[in-house]
Amino acid sequence: MSETHGQEQSRHEKLAKLQEQGISPYPYRWDRTHTAAEVIAGFDELSQAKTEVKVAGRLISRRLHGKTQFGHIQDSGGEIQLYLRKDTIGDKAFDQLSLLDTGDMVGARGEVFRTRMGEITILVKELVLLAKSLRPLPEKFHGLKDVEIRYRQRYVDLIVNPDARRVFLARARIVSLIRQFLDSRDFVEVETPTLQPIYGGAAAEPFKTRYNVLNQEMFLRISDELYLKRLLIGGMERVYELCKDFRNEGLDRTHNPEFTQVEAYQAYADYTDMMTMVEELFRFLAQQLHGKTEVTFGNETFDLGKPWRRLKFIDALAEKIEADPLKLSQEMLEKAGAKFGLQVTGQPSRAKLLDKLFETLVQDHIVEPTFVMDHPKITCPLAKTHRDNPDLVERFEPVVCGMELGNAFSELNDPVEQRHRFEEQIKRNEEFATLDQDFCTALEYGMPPTGGLGLGVDRMVMLLTNTPSIRDVILFPQLRPQND
RNA sequence: GGGCCGUUAGCUCAGUUUGGCAGAGCACCUGAUUUUUAAUCCGGUGGCCGCAGGUUCGAAUCCUGCACGGCCCA
């Protein structure tokens with residue numbers, strides 16, 4: 001056991017004294033009858049009938065007054081004040097209160113009343129220690145601000161920062177509302193492999209692992225796309241999956257190596273249907289969450305009730321570089337990149353250069369909800385060729401405040417073209433290009449025309465809760481290991 | 001990958017410019033206090049100043065390297 005000092009030492013001493021006195025610091029259960037919120041909501045009835053209530057939670061504050069004590073306990077839905085009197089709980093029990101600390105889990109039994117200052121309070125007849133806390137909590141007034149401790153010890157953050165609790169409750173609500181939205185449109189939720197023998201569905205570096213029994217290299221999925229499309233081939237006309245994807249890439253304000261994505265595929269639809277669905281989904285989420293469609297993110301406020309702006313990839317980029325991006329050679333693209341201060345590592349492909357140029361020159365400056373649409377064909381092997389322009393694909397990315405929220409296509413369902421596009425990608429030496437033979441085989445059985453959509457749930461939560469860092473919407477974000 | 005900033009008590013922070021006893025508030029401990037609520041009042045405890053080197057009579061402070069975190073750029 002590690003050495004303890006100061007406040008921790010004092011708590012260990014109290015623990016020992018409790019045990020000497022035959023008081024279990026870690027009893028088995030407590031029959032709670034009411035939550036803090038229920039006591040407050042039911043106050044009139046409870047106080048009138050002098051109903052005895054049993055509450056439980058973490059003791060988060062104490063105010064000692066000689067022969068009385070006040071304190072608050074916090075449970076998952078709120079706080080309630082406790083009032084302890086020596087003449088109510090008895091001399092011995094009152095003396096034993098000195099062995100309690102803020103941070104301890106306790107159960108309290110008593111009657112409800114309103115104090116002189118008007119606060120609903122429990123006059124405690126019995127106070128039971130439910131779990132001794134051996135470490136002091138951060139100070140209540142300034143809270144816990146050190147972001148590193150907040151992320152590394154999220155449990156402490158959740159105890160002391162109401163804002164952290166608010167964001168994660170909102171996240172749970174958003175996830176639930178996304179399911180509700182899709183379920184109500186007859187989408188079927190499915191589960192596809194996280195461990196995949198070949199990765200695909202995006203251009204990203206995968207995490208590699210090994211399945212010993214098969215002596216086979218495996219990958220954590222970077223996307224669910226190719227499995228979900230197999231289900232459309234199998235006759236499931238509307239499917240979705242809400243799960244973690246993994247990308248072996250950098251860490252920053254909008255990237256975590258494991259992140260949550262919802263992917264939905266709808267047979268007989270195209271990307272314009274997916275645009276409508278995105279608009280409806282965000283309108284629904286904002287309305288359900290905030291009671292209005294106006295959303296504020298940082299300094300920007302916009303109305304998710306309105307249709308999103310449509311911005312053609314090629315037009316927007318052409319305006320910035322003053323040339324037709326489709327007609328520029330590799331060398332000219334590299335020159336343009338250099339001109340605008342782009343630093344692309346390794347040997348950048350044409351597709352990557354176009355993407356980077358667009359990101360820097362256009363996407364980062366987009367504020368209002370926008371569908372960036374009709375990308376150059378080479379940037380994406382899985383989208384259907386544009387019905388009006390053979391050099392483009394029917395694809396769009398929802399972007400808000402420079403943040404890419406997802407990706408959607410009219411899904412390519414021509415098996416011959418699909419195989420060709422994969423092969424071309426590999427021939428061009430695109431990073432992380434793969435050819436999933438079984439997926440190509442599946443397509444040969446016939447996939448209906450399909451609209452597909454992937455949305456980054458973490459970023460959606462950021463947007464809808466006005467949280468600028470992805471680490472504040474992921475309970476346990478990735479950090480570098482501490483070495484000590 | 002590059003630049004800038006941060007790391008001091010359990011927590012929130014001063015102190016670094018100009019080297020000279022390690023500080024405050026809250027928390028904690030002792031005492032007073034039977035309707036308080038950032039309770040109040042008396043007295044007290046608590047430090048690997050992120051880590052490792054260097055300069056100096058003397059380093060939290062100056063220099064070098066490293067770690068972690070944040071912001072910006074790419």
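Chain letters run A, B, ... following the sequence lines, proteins first and then strands; every chain starts at 1. Note that the structure is predicted; figures quoted are calculated from it, not measured.
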Under 4.0 angstrom, heavy atoms only, what part of the nucleic acid is [X] near: base, sugar-phosphate, or nothing?
{"X": "A:G143", "value": "sugar-phosphate"}
{"X": "A:K140", "value": "sugar-phosphate"}
{"X": "A:I149", "value": "sugar-phosphate"}

(message) On RNA chain B, does the nearest nucleotide to A:E139 precede the nearest nucleotide to A:F113 from the 5' side, or the other way round? Give the residue.
(response) A:E139
(message) Let me spell it out: for each of A:D364 and A:P136, pick the nucleotide of RNA chain B with the closest heavy atom. Which residue's pick is nearer the 5' end?
(response) A:P136
To the nearest Å, give me how far apart [atom1] ([X]) and [atom2] ([N]) are.
{"X": "A:Q69", "N": "B:A32", "atom1": "CD", "atom2": "C1'", "value": "14 Å"}
{"X": "A:F141", "N": "B:C13", "atom1": "CZ", "atom2": "C1'", "value": "13 Å"}
{"X": "A:K14", "N": "B:C28", "atom1": "NZ", "atom2": "C1'", "value": "8 Å"}
{"X": "A:R114", "N": "B:U37", "atom1": "CZ", "atom2": "C1'", "value": "15 Å"}
{"X": "A:F70", "N": "B:A38", "atom1": "CZ", "atom2": "P", "value": "13 Å"}
{"X": "A:Q9", "N": "B:A9", "atom1": "CD", "atom2": "C1'", "value": "16 Å"}
{"X": "A:L99", "N": "B:C29", "atom1": "CG", "atom2": "P", "value": "11 Å"}

(message) Ring-plane angle category for A:H386 and A:Y271, please: parallel below 30°, perpendicular beyond 60°, tilted otherwise.
(response) perpendicular
(request) Using only heavy-atom distances, decide whether a donor-acceptor pair under 3.5 angstrom links the side-chain of A:E119 to the base of B:U35. (result)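 Answer is no: no donor-acceptor pair is held.
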(message) For B:U36, does the base pair up with any side-chain atom of A:T115 as donor and acceptor (N or O, under 3.5 Å, distance only)?
(response)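 Present.
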(message) Return a single string for nucleotides 43-52 of chain B, one symbol per nucleotide in 5' to 3' order, where B is base contact, S is sugar-phosphate-only contact and - is none, cutoff 4.0 angstrom on heavy atoms.
(response) ----------
What nucleotide, of [options], holds the atom closest to the side chain of [X]?
{"X": "A:Q81", "options": "B:U37, B:C28, B:C11", "result": "B:U37"}
{"X": "A:K67", "options": "B:U34, B:C13, B:C11", "result": "B:U34"}
{"X": "A:H72", "options": "B:C28, B:U37, B:C26", "result": "B:U37"}
{"X": "A:R63", "options": "B:U36, B:U34, B:G25", "result": "B:U36"}

(request) For residues A:F70 and A:Y83, establish whether the separation of their ring centroids is below 6.0 Å. (result)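 Yes, the ring of A:F70 comes within the 6.0 Å limit of the ring of A:Y83, centre to centre.
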(message) Quick check on the 6.0 Å ring-centre criterion: do A:F207 and A:F219 meet it?
(response)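 Ring-ring flag for A:F207/A:F219: false, centres at least 6.0 Å apart.
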(request) May I ask you to check if A:R114 and A:F43 form a cation-pi contact, with NZ or CZ under 6.0 angstrom from the six-membered ring centre and within 45° of the axis? (result) yes
Could you list, one pair per line, each protein nitrogen or oxygen that sits under 3.5 Å from a nitrogen or oxygen of nucleotides 69-73 of chain B, together with the distance?
unit_1, atom_1, unit_2, atom_2, d
B:G69, OP1, A:R480, N, 2.7
B:G69, OP2, A:R480, NH1, 3.4
B:G69, O4', A:E148, OE1, 3.1
B:G70, OP1, A:R471, NH1, 2.3
B:G70, OP2, A:R471, NH1, 2.9
B:C72, OP2, A:R253, NH1, 2.7

(message) Counting only heavy atoms from other residues, nucleotides and ligands, does the tally under 6.0 Å from NZ of A:K54 exceed 12?
(response) yes
(message) If you count heavy atoms of other groups shown closer than 6.0 angstrom to CD of A:Q21, is the number above 12?
(response) yes
(message) Partner lookup for B:A67, please. Criteria are Watson-Crick or G-U wobble with both distances under 3.5 angstrom; report none if nothing qualifies.
(response)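 The base-pairing partner of B:A67, which may sit in any strand shown, is B:U7.
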(request) Pick the C1' atom in B:G46 and in B:C4, then give their distance to the nearest Å. (result) 35 Å
(message) Taking the side chain as everything from C-beta on, heavy atoms only, tell me whether A:E119 gets closer than 4.5 Å to A:H72.
(response) yes
(message) So, applying side chain to side chain contact (heavy atoms under 4.5 Å, CB included) with A:K312, which one of A:V372, A:L392, A:D374, A:L317 is it?
(response) A:D374
(message) Side chains of A:R459 and A:H255: any donor to acceptor distance under 3.5 Å?
(response)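 Side chains of A:H255 and A:R459: pair found under 3.5 Å.
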